[in-house]
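Every heavy atom of this structure was used, including side-chain atoms; hydrogens, water molecules and symmetry mates were not. Just so it is clear, the model here is predicted, and its values are computed rather than measured.
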Amino acid sequence: MLKGIPVSEGIGIGRAYIIKKTQSDYENKPVENKESEKTRLQKAIQTFCEKNEELAKRMENSSVAKEAEIIRGHAVMLNDPFMISQMEENVDTGMCAEAACESVLNMFKEIFLSAEDELTRQRAADIEDIKSRLLAIMTGTESNLLSELPDNTILVAEELTPSMTAEIDKDKVCGIITEKGGKTSHSAILARAMGIPAVLSVPNVLSKLVDGLDVIIDGEEGVILEDPDEKEKKEYIEKLEVLIEEKQIHMAFANRKTITADGIEKSLFCNVGKLDDAVTAVEKSGEGIGLFRTEFLFMGRDSAPDEQLQFETYKKAAQLFPEGEVIVRTLDVGGDKAISYLEMEQEENPFLGFRAIRYCLHNTELFRTQLKAAVRASAFGKIAIMVPLVTQVEEIRAVRALVDTIKKELENDGTPYDANIKIGAMIETPAAGLIADILAEECDFFSIGTNDLTQYTMASDRGNSKISYLNNYFEPAVLRSIRHIIQCGNRAGISVGMCGEAAADPMMTPLLISFGLDEFSVSPGAVLKTRCNISKWSKKDADKVTETVMKCKTAAEVMKILKYSQNKYPF
């Protein structure tokens, strides 16, 4: 049995397919005609960008549509004037085109790998992906083997890259195993988007599995069984049948209200990254958008989207949900979301640096453009504005002041807007949690981002597999923070939502009902399962579980009680 980090739930039963790294060998000899070599380099980059766009479009027509922006980001990165000039300078020194690009891309890879935070280090995989694809174009060693896989394939790789994903037929692949990657790596994001069970960071898995070997992967427990016997196969086939049966039960909750067992109505929204995701949210029975990640509008471009483009995007999202709210999170740039044309300075610790609302308040014109687009769109639906990485009351006040100025401008121009547009805070820092009572007096709503709230509260990089045991929202410190935030919002009479992974976790459901959470925001694919889980719990039963849980001193104790409670309701 092998173990790794479970990042995409489900059970896969199939045969291993080892993805070997292809070598793009070339002869590194000095070139004589440097201009000709530069032309060859430029043609290779042009071919890369053309093929890259084909991959992105293919992804847009699949279940990983929003991840197409990751692919487009590769072309933007490769077309960076500094990167190209460095490659051409290498050719001027006598390097062949292959060596010139490999040298520069290795340099950029090392820059990412030298970063202190794990999420930034994981972006080195994007550089490696670009390098291998560009060299393959130059040497004529490209392959598309992933598009011709047999049924019930379990992919085994050092790391699943975005370009690999564009070639995968998800109907053929029933599991993904890698040696690298964490819950926030591209491998994890892509696996969850495709609904494929995945276990990452499995030590030396490439040397422990061979092509064609029978394998079982448990994406919930992080377990991999090599060459399982008949008893083990039967056990996991039965588990898989239960999962399929559960999905059928969940389908009965389509297009229904989200109500607890004792009739308390909740809002069940979706987290989205682009307009296509919002369409999927409607199809999956979401009631609104609890988190519109607007940074995806800014990525994969060479300049910021203008006001009209943003307005049209927010307007269309609002029109998709005539009865539901659409919460637009303002530009959350920085950290692992680097956008080249914004020219953000490299920082030693970008996750605690000049990012999100801090960056926006110092780049007023860029920020005003986004706010104005959102306020204009509010005339067409229930748009709300959410501010990320809040740590001070002054930040909310500054946003309000900008919005008030925009309202006056629109009024003078005769442009319609919702005078009561809501402004709220994403509560994802310990600072915001500690002053939640004060912030509640300044905000129209809260949305708890449990992913960052957990890593900041526990002082644990959520992308670092060595300390993944700390990145756990069942830790008493995190649970106490969540309860306090919700209580502060409830007392102030404002809505409190949650848009982190915890909102979709069935073990968290009774706690969140007991704490008084108003709105659950989950991925579109998790809507029906979450609605079903909420329907099973009454406030009274949830309170009983919560009373016991909040006396626990360790996360292990908390999880033991919550696992037990899953099979014991109603009490």
Side-chain angles (χ1 to χ4, degrees), residues 19 42-80 83-84 101 105 108 122-138 142-149 155 157 159-173 176 184-196 272-280 292-305 309-310 312-313 316-317 333 336-342 523-524:
I19 301 176
Q42 290 161 358
K43 283 184 178 179
I45 292 172
Q46 183 180 349
T47 301
F48 176 97
C49 293
E50 289 169 356
K51 290 177 177 287
N52 201 70
E53 184 59 25
E54 289 175 13
L55 287 173
K57 286 179 178 176
R58 193 178 309 168
M59 293 174 82
E60 283 183 333
N61 294 323
S62 70
S63 60
V64 288
K66 74 179 182 184
E67 279 69 32
E69 297 307 317
I70 297 172
I71 284 286
R72 287 199 171 98
H74 288 187
V76 172
M77 189 180 298
L78 186 55
N79 276 301
D80 182 279
M83 186 176 284
I84 291 176
C101 82
L105 289 168
F108 275 85
Q122 286 176 5
R123 298 294 81 87
D126 291 275
I127 298 292
E128 185 63 31
D129 194 11
I130 293 168
K131 183 180 76 175
S132 62
R133 290 163 59 203
L134 188 56
L135 287 175
I137 289 169
M138 290 180 178
E142 296 173 90
S143 63
N144 296 302
L145 297 178
L146 295 184
S147 61
E148 302 171 2
L149 295 170
L155 294 178
E159 188 160 27
L160 184 70
T161 67
S163 61
M164 288 178 188
T165 306
E167 301 293 339
I168 290 174
D169 181 349
K170 69 185 184 70
D171 295 326
K172 303 280 189 180
V173 177
I176 294 170
T184 53
S185 68
H186 285 155
S187 301
I189 293 168
L190 295 164
R192 286 194 293 269
M194 292 186 292
I196 298 175
V272 305
K274 57 190 294 186
L275 202 55
D276 288 347
D277 300 334
V279 173
T280 303
F292 196 129
R293 301 182 180 95
T294 61
E295 58 271 17
F296 286 102
L297 278 173
F298 290 74
M299 295 169 72
R301 307 169 52 89
D302 54 15
S303 62
L309 174 60
Q310 293 190 63
E312 291 292 344
T313 303
K316 288 174 183 175
V333 69
D336 64 329
K337 306 184 191 89
I339 298 175
S340 59
Y341 61 80
L342 294 182
S523 66

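- Considering all non-hydrogen atoms of both residues, Leu134 and Ala44 come closest at CD1-O, 3.7 Å.
- Under the side chain to side chain contact (heavy atoms under 4.5 Å, CB included) test applied with Leu149, the options Val173, Asp169, Asp171 reduce to a single match, Val173.
- In this structure the side chain of Thr313 reaches within 4.5 angstrom of the side chain of Phe292, judged on heavy atoms.
- Atom CG in Leu297 sits 6.0 Å away from atom CG in Leu309 (nearest 0.5 Å).
- For the atom pair Lys170 NZ and Ile176 CD1, the distance stands at 11.5 Å (nearest 0.5 Å).
- Between the CD atom of Gln46 and the CD1 atom of Ile137 there is a distance of 11.0 Å, given to the nearest 0.5 Å.
- The backbone N or O of Phe48 sits nowhere less than 3.5 Å from a side-chain atom of Asn52 that would complete a donor-acceptor pair.
- Minimum interatomic distance between Ala278 and Val272 (heavy atoms only, all atoms of both residues): N-CG1, 3.9 Å.
- Using a 4.0 Å cut-off between a side-chain N of Lys or Arg and a carboxylate O of Asp or Glu, Lys57 and Glu54 do not qualify as a salt bridge.
- Two residues are said to be in side-chain contact when any heavy atoms from C-beta on lie closer than 4.5 Å; Glu128 and Glu159 fail this criterion.
- Between Gln310 and Pro305 the shortest heavy-atom distance is NE2-O, 3.2 Å.
- Taking the side chain as every heavy atom from C-beta outward, Arg133 and Leu78 never approach each other to under 4.5 Å.
- Closest of all the heavy-atom pairs between Tyr341 and Phe298 is OH-O, 2.6 Å.
- The side-chain contact (heavy atoms from CB on, under 4.5 Å) check on Met77 picks up Met83, Ile127, Ile130, with sequence neighbours excluded.
- Pairing each heavy atom of Pro524 with each of Asp277, the nearest pair is CG-O, 4.2 Å.
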